[in-house]
Amino acid sequence: MTNDQNKTYDVIVVGAGHAGCEAALAAARLGHKALVVTINADHIGEMSCNPAVGGLAKGHLVREIDALGGEMAKNIDATGIQFRRLNTKKGPAVQSSRAQADKEQYRLRMKQVLERQENLDIKQRLVDALIVEDGAVKGVVTSIQERFLGNTVVLTTGTFLKGLIHIGLKNFPAGRMGDPASNKLSDNLMALGLKVGRLKTGTTPRLDGRTIDFSRLTPQYGDEPAAPFSFETESISRKQAPCHITYTNKKTHEVIKTGLDRSPLFTGVIKGVGARYCPSIEDKVFRFPGKPRHQVFLEPMGLGTTEIYPNGVSTSLPVDVQLKMLRSIEGLEQVEIVRPGYAIEYDYVDPVQIKPSLECKAIRGLFLAGQINGTSGYEEAAGQGIMAGINAVRYGRGEPPIILGRDQAYIGVMIDDLVTKGTKEPYRMFTSRAEYRLLLREDNADLRLRELGHQVGLISGELYEKFKQKREAIDRLLALLSEVRLNPRPDVNRTLETMGFGSINQPATLMDLLKRPGADLSGIAKLDDRILPFDDEVAEQAAIFVKYDGYIRRQMEQVERLRRLEGAKIPDDFDYQAIPGLSNEVKEKLSKVHPISVGQASRISGITPAAISIIQIYLKKWSAA
């Protein structure tokens, strides 16, 4: 074996998907020598499934990555071809952004960003094994027997670990269509003592847009003006494109049912567990027999291609059934398939085997991020990737890891869910997973995380100063709203009633008026023109703070209680077996997860409040001993 150039890296990242890109960029931008090892250097940042970023809860993740200093938001802003805000008729906590991407341009730009990043090398290789000595990772070994040495390794293997593609009853090894699988690394991880499971995901056929009758379909246009994802993007200037909506029908469902005898999903060929919240079209038809139709969302894959992604018809049926199914749908009667849909099975590592820092418990210096931890989705992967990159660097420096709390970020909610509860199916982010979602809005991601991004070293001084100016402007506007007081004089009430605010019978501040139903800052500004100079972002934050003040205060009180539990740290050598009063089942669960705090212990499935009280009592005795 040879050690490439006798060089030792600070961080080696295996894989260059969405998790790998963020991990490598974070490490390199923090001034550490990083290496990305990927099976195909042409597929850095590849969108293996749908050509879109964001969506419900996922948009929150993208904005958080950006607030910390990551790249995903900037990349979609530069290559997006349709931007939309979702759930705008609902409260700010559940509103999210979504953007269609020019798939090819997204990949090319991300590759270019990595290639131009100082401190970052890129190697096209297949990693077969880790180098582990005395319980610590020391590097990787490739299929051509090269050794790349590193102080830390971040595994972001996506669907490549023993990847197996299914189309009908035919299957073949692949990490995704067109790329080889990684078959030896999974065995190596098991040999090192890690528990490995099997998951399944799928994708849709890609269609030739020239064979679609769009005139019969409902177009869906993006927002005007388009709202960018990144806090650093001032506006979206790229040409935009519409999507189109159609539906399956009774005939479509009949075609699908005739093909189930050749479906790998229904004949037991596929063993991996699929995503509950993103089922295949054959699974939807089988599980919801009373539903007469399912929406199909036709997404353009770019401005320079005619390929269309039919979101909603993920399938692993035989190609002839896929074609017959598609041609039964309105507007697709003459459609041609460019690339068939398929299911893919792959290995993943049970995430209870990793710490909240994403470091493997059994192997020091080894970090895992993305689908290897059981998640699905580009955004979930990227959120883990940036945290793994940050913490790999901090591990090498001998610094404590950065662990985001459940009250701090959706990224924190996701990682805590994974390492505390594990997962038996692909994990997807939802707003409902966050207890404090009113605090974790998409719009305030910078207020939550920009300071941390600067402290870590990923946010420059210039960007940080700009952020501080915004934060100070919000404080000034809130102070102004609370200080300006109106008295209930007849002339004042006439003015208020004319403006739609209603009258007042006691002194009221502008903040009091803003809390009234239907009131907004544009109306309040007519009462005091000092409000006019504040920009839209500042005004939005101030208005949300005022209108949801009572709810926000209640959630903050809950957060304080949580923080007390999180502050009660549990030592690494804490012996649960020695605690009297705990059942064997509780002891087993606590020993398996080995929570870092009483707060984390309280979130383990099956751990009762009584058990937490016993742990707290024993922890005090342990500390005093």
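Both backbone and side-chain heavy atoms feed into the values below; hydrogens, waters and symmetry mates do not. The structure displayed is predicted, hence computed values, not measured ones.
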Return the minimal non-hydrogen interatomic distance between R433 and V413, and the atom names on each side.
-> O-CG1, 3.5 Å
With a 4.5 Å limit on heavy-atom distance, are the side chains of T157 and S182 in contact?
-> no
Matching residue for C360 among L366, L155, V137 - test: side-chain contact (heavy atoms from CB on, under 4.5 Å) | L366
Determine the interplanar angle of the F266 and F286 rings, folded into 0 to 90°, and report it as parallel if under 30°, tilted if 30 to 60°, perpendicular if over 60°.
-> perpendicular
Could you tell me which non-hydrogen atom of T431 sits nearest to which non-hydrogen atom of A93, and how far apart they are?
-> CG2-O, 4.4 Å
Check: T211 side chain, D208 main-chain N or O, donor-acceptor pair, under 3.5 Å | yes
Got M387 and L68 here, is their nearest side-chain heavy-atom distance under 4.5 Å?
-> yes
Do you see a donor-acceptor pair shorter than 3.5 Å between the side chains of T305 and E104?
-> no
How about K324: does its NZ atom have over 12 heavy atoms from other parts shown lying under 6.0 Å from it?
-> no
Any side-chain heavy atom of N50 sitting closer than 4.5 Å to one from Y378?
-> yes
Could you walk me through whether Y106 and M72 pass side-chain contact (heavy atoms from CB on, under 4.5 Å), step by step?
-> CA-CA 10 Å; Y106 187 96; M72 177 173 266; 3.6 Å; yes
Does the side chain of N40 come within less than 4.5 Å of E46's, by heavy atoms?
-> no
Find the distance between CD1 (I167) and OG1 (T315) and round it off to the nearest 0.5 Å.
-> 10.0 Å
Which pair of heavy atoms, one from I344 and one from G175, lies closest together, and at what distance?
-> CD1-O, 3.0 Å
Criterion side-chain contact (heavy atoms from CB on, under 4.5 Å) on L189 and Q353, from CA distance to verdict | CA-CA 12 Å; L189 294 176; Q353 298 170 100; over 6 Å; no
Go through the side-chain N and O atoms of T420 and Q600 and say whether any donor and acceptor fall under 3.5 Å apart.
-> yes
Basic-acidic side-chain contact under 4.0 Å: E307, R339 | yes
Are any side-chain N or O atoms of Q240 and backbone N or O atoms of Q82, one a donor and one an acceptor, separated by less than 3.5 Å?
-> yes
Check whether any side-chain heavy atom of K592 sits under 4.5 Å from a side-chain heavy atom of D350, and report yes or no.
-> yes
For K284, look at atom NZ and say whether over 12 heavy atoms of other residues, nucleotides or ligands are found less than 6.0 Å away.
-> yes
Per side-chain contact (heavy atoms from CB on, under 4.5 Å), L358 is matched among L368, L418, I415 by I415
T156 to A16 - nearest heavy-atom pair and separation = OG1-N, 4.4 Å
If we ignore angles and hydrogens, is there a donor and acceptor under 3.5 Å between the side chains of R238 and Q105?
-> no
Taking atom NZ of K111 and atom CG of N75, what is their separation to the nearest 0.5 Å?
-> 13.5 Å
Could you check E379 against R98 for salt bridge (Lys or Arg N to Asp or Glu O under 4.0 Å), going step by step and ending with a plain yes or no?
-> CA-CA 11 Å; E379 304 81 4; R98 187 179 189 272; over 6 Å; no
Please answer whether the main-chain N or O of S143 pairs with a side-chain N or O of R125 as donor and acceptor at a distance below 3.5 Å.
-> no
R293 and T248: side-chain donor and acceptor closer than 3.5 Å?
-> no
Roughly how far apart are L169 CG and S316 OG, rounded to 0.5 Å?
-> 9.5 Å
Check whether any side-chain heavy atom of T201 lies under 4.5 Å from a side-chain heavy atom of P426, and answer yes or no.
-> no
Candidate list K162, H166, K200, test side chain to side chain donor-acceptor pair (under 3.5 Å), partner E345, passing option = H166
Do side-chain atoms of Q145 reach the backbone of V141 as a donor and acceptor pair under 3.5 angstrom?
-> no
Looking only at atom types and distance, does a side-chain atom of T258 sit under 3.5 Å from a main-chain N or O of V255, one as donor and one as acceptor?
-> yes
Is it true that E299 and K103 have a side-chain N and a carboxylate O under 4.0 angstrom from each other?
-> no
Any Lys/Arg nitrogen of K589 or E585 sitting under 4.0 Å from an Asp/Glu carboxylate oxygen of the other?
-> yes
Check whether any side-chain N or O of Q322 sits under 3.5 Å from a backbone N or O of P205 as a donor-acceptor pair, and report yes or no.
-> no
Hey, what do you get for CG (D179) to OG (S48), rounding to the nearest 0.5 Å?
-> 8.0 Å
Inspect the surroundings of OH in Y221 and state if more than 12 heavy atoms from other residues, nucleotides or ligands are less than 6.0 Å away.
-> no
Under 3.5 Å donor-acceptor, R287 side chain and V285 backbone | no
In plain terms, say whether R216 and E333 are close enough for a salt bridge, that is, a side-chain N and a carboxylate O under 4.0 Å apart.
-> yes
Checking S186 side chain against N183 main chain: does a donor-acceptor pair fall under 3.5 Å?
-> no
Separation between CG (D77) and CG (D66), nearest 0.5 Å, reads 7.5 Å
Backbone N or O of C21 within a donor-acceptor pair of the E71 side chain at under 3.5 Å?
-> no
Could you tell me whether D417 and R603 make a salt bridge, using a distance below 4.0 angstrom between a side-chain N and a carboxylate O?
-> no
Mind checking whether H253 and K291 have side chains closer than 4.5 Å, heavy atoms only?
-> no
More than 12 heavy atoms of other groups within 6.0 Å of Q220 CD | yes
For R210 and T306, run side-chain contact (heavy atoms from CB on, under 4.5 Å): C-alpha distance rounded to whole Å, both residues' side-chain angles, the deciding distance at 0.1 Å, then the answer.
-> CA-CA 7 Å; R210 297 171 300 178; T306 61; 4.0 Å; yes
Under 3.5 Å donor-acceptor, E330 side chain and L217 backbone = no
Between S314 and T203, what is the shortest heavy-atom contact and its length?
-> OG-N, 3.4 Å
Closest non-hydrogen atoms of D407 and L440, given as atom of the first, atom of the second and distance, are O-CD2, 3.3 Å
Please test V586 against I607 for side-chain contact (heavy atoms from CB on, under 4.5 Å), starting from the C-alpha separation and ending with a verdict.
-> CA-CA 6 Å; V586 167; I607 305 301; 3.7 Å; yes
Would you call E442 and K58 a salt bridge, using N to O less than 4.0 angstrom?
-> no
Would you indicate whether the side-chain heavy atoms of I604 and P595 approach each other to under 4.5 Å?
-> yes
The reported gap from CD1 in I165 to CZ in F172 (rounded to nearest 0.5 angstrom) is 4.5 Å
